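All of these numbers come straight from a predicted model, not from anything done at the bench.
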Amino acid sequence: MVSFLIAYASWSGNTEEVAQIVEEALLSEGMDVTVHRIGIGPMPNPRQFDAMIIGSFTWDKGSTPDEVKDFVADVGYKPRNVYVFGTGDTQFGGDDLFCHAAVKLARFYESAIDPLKIEQSPRGTQEKKVIEWSKGVFQHWQHLHALKY
């Protein structure tokens with residue numbers, strides 16, 4: 001069975017909500033999913049998963065939160081098949097800094113799929129956006145897996 005690690009950091013609960021929707025979408029595709037809240041409890045070993053999804057809010061004028069930076073450092077290498085989502089607020093920094101932490105993480109991990117950007121909460125119309133992105137992640141992984149065999 002294909003296994004995904006979803007690791008996320010959340011203060012307000014918005015990023016956590018996105019992580020839950022991503023988890024549900026991947027489970028509906030028959031994937032094995034482990035969810036880890038960054039900074040809480042022991043960190044799972046990313047080498048035990050086929051793919052990793054990182055979720056982060058954007059902080060302080062486009063910055064990545066320290067706990068997410070620490071997580072990346074603790075991983076200690078750049079796993080393949082990393083996908084990124086983020087939550088943000090265009091009220092603080094406008095479009096240029098909106099979900100900038102997710103953009104930077106996706107660039108760092110050379111993610112093959114653009115990061116998912118959610119304005120504050122994933123409720124309402126944005127929930128569909130999260131589900132579609134999650135299915136795109138699964139389809140991308142499936143495509144990569146098919147190329148190996």
Side-chain angles (χ1 to χ4, degrees), residues 1-59 62-90 98-149:
M1 182 179 287
V2 178
S3 61
F4 279 82
L5 170 62
I6 300 172
Y8 73 93
S10 185
W11 282 3
S12 66
N14 293 334
T15 312
E16 181 175 27
E17 285 184 54
V18 175
Q20 290 168 347
I21 296 168
V22 172
E23 176 188 21
E24 290 169 11
L26 292 175
L27 288 171
S28 75
E29 296 290 344
M31 302 298 97
D32 180 37
V33 181
T34 297
V35 179
H36 170 68
R37 184 167 181 165
I38 294 172
I40 307 293
M43 183 176 95
N45 181 354
R47 294 181 195 278
Q48 296 176 342
F49 299 89
D50 297 304
M52 181 166 63
I53 299 172
I54 300 177
S56 178
F57 59 93
T58 295
W59 186 248
S63 296
T64 305
D66 288 340
E67 55 264 54
V68 176
K69 291 177 186 176
D70 292 344
F71 174 81
V72 169
D74 290 344
V75 169
Y77 73 105
K78 287 185 180 182
R80 294 179 19 201
N81 304 325
V82 175
Y83 308 96
V84 181
F85 69 85
T87 56
D89 190 338
T90 54
F98 176 61
C99 292
H100 198 59
V103 171
K104 290 189 288 187
L105 286 164
R107 188 178 312 132
F108 175 77
Y109 283 110
E110 300 171 5
S111 184
I113 293 182
D114 288 338
L116 171 66
K117 299 177 183 181
I118 296 297
E119 176 85 24
Q120 298 181 357
S121 169
R123 295 183 196 123
T125 59
Q126 292 192 107
E127 184 173 355
K128 182 178 179 182
K129 184 177 175 181
V130 176
I131 293 167
E132 289 172 1
W133 180 85
S134 302
K135 290 182 186 272
V137 165
F138 170 70
Q139 290 168 354
H140 180 262
W141 190 92
Q142 236 182 356
H143 174 73
L144 288 177
H145 186 68
L147 292 176
K148 291 181 182 179
Y149 299 100

Is there a side-chain contact between [X] and [Y] in this structure, where contact means two heavy atoms from C-beta onward sitting under 4.5 Å apart?
X      : Y      : value
Phe49  : Pro44  : yes
Val137 : Ile113 : yes
Ser134 : Phe85  : no

How many angstroms lie between atom [atom1] of [X] and atom [atom2] of [Y], to the nearest 0.5 angstrom?
X     : Y      : atom1 : atom2 : result
Thr87 : Glu16  : OG1   : CD    : 11.0 Å
Leu26 : Ile6   : CG    : CD1   : 5.5 Å
Phe71 : Asp66  : CZ    : CG    : 15.0 Å
Met52 : Tyr109 : CE    : OH    : 4.5 Å
Ile54 : Ser111 : CD1   : OG    : 9.5 Å

Residues 114-125 side chain polar contacts: donor-acceptor under 3.5 Å, at least two apart:
unit_1, atom_1, unit_2, atom_2, d
Glu119, OE1, Thr90, N, 3.3
Glu119, OE1, Thr90, OG1, 3.2
Glu119, OE2, Thr90, N, 3.1
Glu119, OE2, Thr90, OG1, 3.3
Gln120, NE2, Asp89, OD2, 2.8
Ser121, OG, Arg123, N, 3.2
Arg123, NE, Glu17, OE1, 3.3
Arg123, NH2, Glu17, OE2, 2.8

Do you know which two heavy atoms are closest between [X] and [Y], and how far apart they sit?
X     : Y      : value
Gly62 : Lys104 : O-NZ, 3.1 Å
Thr58 : His100 : OG1-N, 3.2 Å
Phe57 : Ala101 : O-CB, 3.5 Å

Side-chain donor-acceptor pairs under 3.5 Å in residues 33-41, sequence neighbours left out?
unit_1, atom_1, unit_2, atom_2, d
Arg37, NH2, Ser10, O, 2.4

Task: Lys69 backbone acceptor or donor facing Thr64 side chain under 3.5 Å - done: no
Open item on the list: List the residues meeting ring pair (Phe, Tyr, Trp, His ring centres under 6.0 Å) with Tyr83, not counting sequence neighbours, and say none if there are none.
Closed with: His140
TODO: Please check if atom NZ in Lys78 has more than 12 non-hydrogen atoms from other residues, nucleotides or ligands closer than 6.0 Å.
DONE: yes
Task: Under the side chain to side chain donor-acceptor pair (under 3.5 Å) test, residues paired with Ser56 that sit two or more places apart - done: none
Task: Flag for Glu67-Trp59: side-chain donor and acceptor within less than 3.5 Å - done: no
Open item on the list: If the condition is side chain to side chain contact (heavy atoms under 4.5 Å, CB included), which residues does Lys135 pass it with, not counting sequence neighbours?
Closed with: Ser28, Glu29, Ile131
TODO: With sequence neighbours excluded, tell me which residues meet side chain to side chain contact (heavy atoms under 4.5 Å, CB included) with Asn45.
DONE: Arg47, Gln48
